[in-house]
Number of protein chains: 2
Amino acid sequence: MALFLSTFMNKLDKKGRVSVPASFRLVLSGQSFQGIVAFRSYKFPAIEGMGLDRMQRLSESVDQLDLFSETQEDLTTSIFADAQMLGFDGDGRIVLPQILLDHAKIAERVAFVGQGATFQIWNPEAFEAHQNEARKRVQEKQATLKLRGDHA
Amino acid sequence: MALFLSTFMNKLDKKGRVSVPASFRLVLSGQSFQGIVAFRSYKFPAIEGMGLDRMQRLSESVDQLDLFSETQEDLTTSIFADAQMLGFDGDGRIVLPQILLDHAKIAERVAFVGQGATFQIWNPEAFEAHQNEARKRVQEKQATLKLRGDHA
DNA sequence: CAGATTATCCCATTGAATCCCATAATTACC
DNA sequence: GGTAATTATGGGATTCAATGGGATAATCTG
């Protein structure tokens with residue numbers, strides 16, 4: 001399996017640790033850095049999470065752009081400067097830094113939300129509301145997913 | 001790991017030394033020169049930092065521009081002439097020369113800011129303001145980083 | 001060349017991050 | 001439905017990074 005799927009609820013302990021869901025850890029198990037990279041979403045009160053390999057690919061993409069464009073600067077400052085490398089402890093837990101907790105308004109319970117190639121970390125109540133909104137919008141638009149390479 | 005990620009706040013001591021974050025040192029640990037190369041940013045009141053290997057690549061890129069063009073002259077003068085090689089002491093610290101401190105208006109506290117393949121050194125307050133601006137612009141533009149070779 | 005100043009090396013301290021083990025809860029499997 | 005294996009959680013012990021300061025070496029200056 002190589003996709004982050006489903007939603008998992010775990011708890012923050014007093015030291016600020018949370019278990020990363022076992023299935024998410026499995027997705028990352030092939031990577032050299034055993035842990036996740038996390039940064040504040042600039043669209044939602046949530047945390048964006050992924051493996052280091054994806055960050056490296058992002059960096060390579062950025063290197064191709066104009067070396068001195070403003071957009072590139074803004075993106076690296078919003079993403080790389082904000083990103084935290086959070087390594088697993090021996091039991092598959094990470095420590096979420098305060099700045100991320102504040103941004104996502106996470107206190108006790110933590111929702112790990114699969115997004116395919118990446119995942120998000122939410123306050124459970126906030127995520128539920130967000131998900132309801134999303135489902136409503138999809139329904140209204142009758143949005144359809146076009147499958148790549150599918151000519152049906 | 002080969003990326004400069006996250007932002008770290010360290011302190012200048014009376015002798016003008018700062019610890020380079022351990023994770024940044026790890027990125028540079030494979031290089032022959034154990035230290036960083038630093039020069040004044042010409043866009044921000046900040047210091048640009050990187051490993052010597054990247055400077056060498058930068059040199060090659062500049063070489064591909066028109067020889068003797070005004071742009072090339074300006075770049076080499078702004079970057080290579082200004083660059084300082086700052087070696088680590090036994091504890092992973094460097095001494096920031098006065099001309100760099102002045103340019104970045106750094107007094108006591110120092111922010112090391114990851115930018116992927118490179119990093120920056122800022123006055124913490126100045127950086128916070130700068131990052132907020134960058135995040136706002138990214139949000140407004142709905143800018144996203146496209147992954148190379150990713151057709152999603 | 002002597003004295004003064006600056007830079008480099010080395011070690012001590014502290015506080016935070018990490019490791020390690022114990023227990024509880026959940027899931028999978030006979 | 002009971003047992004084993006995996007996963008989640010809690011807390012003590014240990015390690016390591018950041019920092020401060022003294023000692024030694026190099027440089028400048030008159």
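The sequence lines fix the lettering, A, B, ..., with proteins before strands; numbering per chain opens at 1.
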Student: Roughly, in whole Å, what's the span from CG in B:Asp89 to C1' in D:dA17?
Tutor: 13 Å
Student: Think B:Lys15 has a side-chain N or O under 4.0 angstrom from the OP1 or OP2 of D:dG21?
Tutor: no
Student: Hey, what's the ring geometry for A:Trp122 with A:His130, parallel, tilted or perpendicular (30° and 60° as the breaks)?
Tutor: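 It falls in the parallel class, under 30°.
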Student: Report the distance from atom CD1 of B:Ile94 to atom C1' of C:dC9, rounded to the nearest whole Å.
Tutor: 17 Å
Student: What is the nucleic acid contact for A:Asn10, judged by heavy atoms within less than 4.0 Å: base, sugar-phosphate only, or nothing?
Tutor: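 Sugar-phosphate, no base atom in range.
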Student: In whole angstrom, give the distance that lies between atom CZ of A:Phe24 and atom C1' of D:dT7.
Tutor: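 Distance check: A:Phe24 CZ to D:dT7 C1' gives 15 Å.
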Student: Calculate the interatomic distance between B:Gln84 atom CD and C:dA7 atom P; express it in whole Å.
Tutor: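 Taking atom P of C:dA7 as the reference, CD of B:Gln84 is at 12 Å.
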Student: Please identify which of these residues, A:Leu52, A:Thr118, A:Ile94, meets the side-chain contact (heavy atoms from CB on, under 4.5 Å) condition with A:Ile36.
Tutor: A:Ile94
Student: What is the distance, to the nearest angstrom, from the NZ atom on A:Lys11 to the P atom on C:dT26?
Tutor: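 Taking NZ of A:Lys11 and P of C:dT26, I get 10 Å after rounding.
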Student: Taking only side-chain N and O atoms of A:Lys14, does any of them lie within less than 4.0 angstrom of OP1 or OP2 on D:dG11?
Tutor: yes
Student: By nearest nucleotide on DNA chain D, pick out whichever of B:Arg17 and B:Val20 is the more 5' one.
Tutor: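 Residue closer to the 5' terminus by nearest nucleotide: B:Val20.
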Student: Quickly work out the B:Asp91 CG to D:dG21 P distance and round it to whole Å.
Tutor: 15 Å
Student: Is the phosphate of D:dT6, meaning OP1 or OP2, less than 4.0 Å from a side-chain N or O of A:Arg25?
Tutor: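 No, outside the criterion.
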Student: Atom CZ of A:Phe88 to atom P of C:dA17: distance rounded to whole Å?
Tutor: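 After rounding, the reported distance stands at 18 Å.
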Student: Any ion pair linking A:Asp13 and A:Lys15 (charged N to carboxylate O, less than 4.0 Å)?
Tutor: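 Looking at A:Asp13 together with A:Lys15, the answer is no, because their closest N to O distance does not fall below 4.0 Å.
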Student: Please tell me which of A:Pro21 and B:Val18 maps to the more 5' nucleotide of DNA chain D, matching each residue to the nucleotide holding its nearest heavy atom.
Tutor: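 This one resolves to A:Pro21.
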Student: State which of C:dC10, D:dT9, D:dT7 makes the closest approach to the side chain of A:Ser19.
Tutor: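 Looking only at side-chain atoms, A:Ser19 lies closest to D:dT9.
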Student: Between A:Phe4 and A:Phe24, is the ring centroid distance below 6.0 Å?
Tutor: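 Yes, the ring of A:Phe4 comes within the 6.0 Å limit of the ring of A:Phe24, centre to centre.
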Student: Among D:dG11, D:dT7, C:dC10, find the nucleotide with the atom closest to the side chain of A:Arg93.
Tutor: D:dG11
Student: Is any side-chain heavy atom of B:Asp91 less than 4.5 Å from a side-chain heavy atom of B:Ser19?
Tutor: no
Student: Whole Å only: how far is the CG atom of B:Asp13 from the P atom of C:dT13?
Tutor: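 In whole Å, C:dT13 P and B:Asp13 CG are 18 Å from each other.
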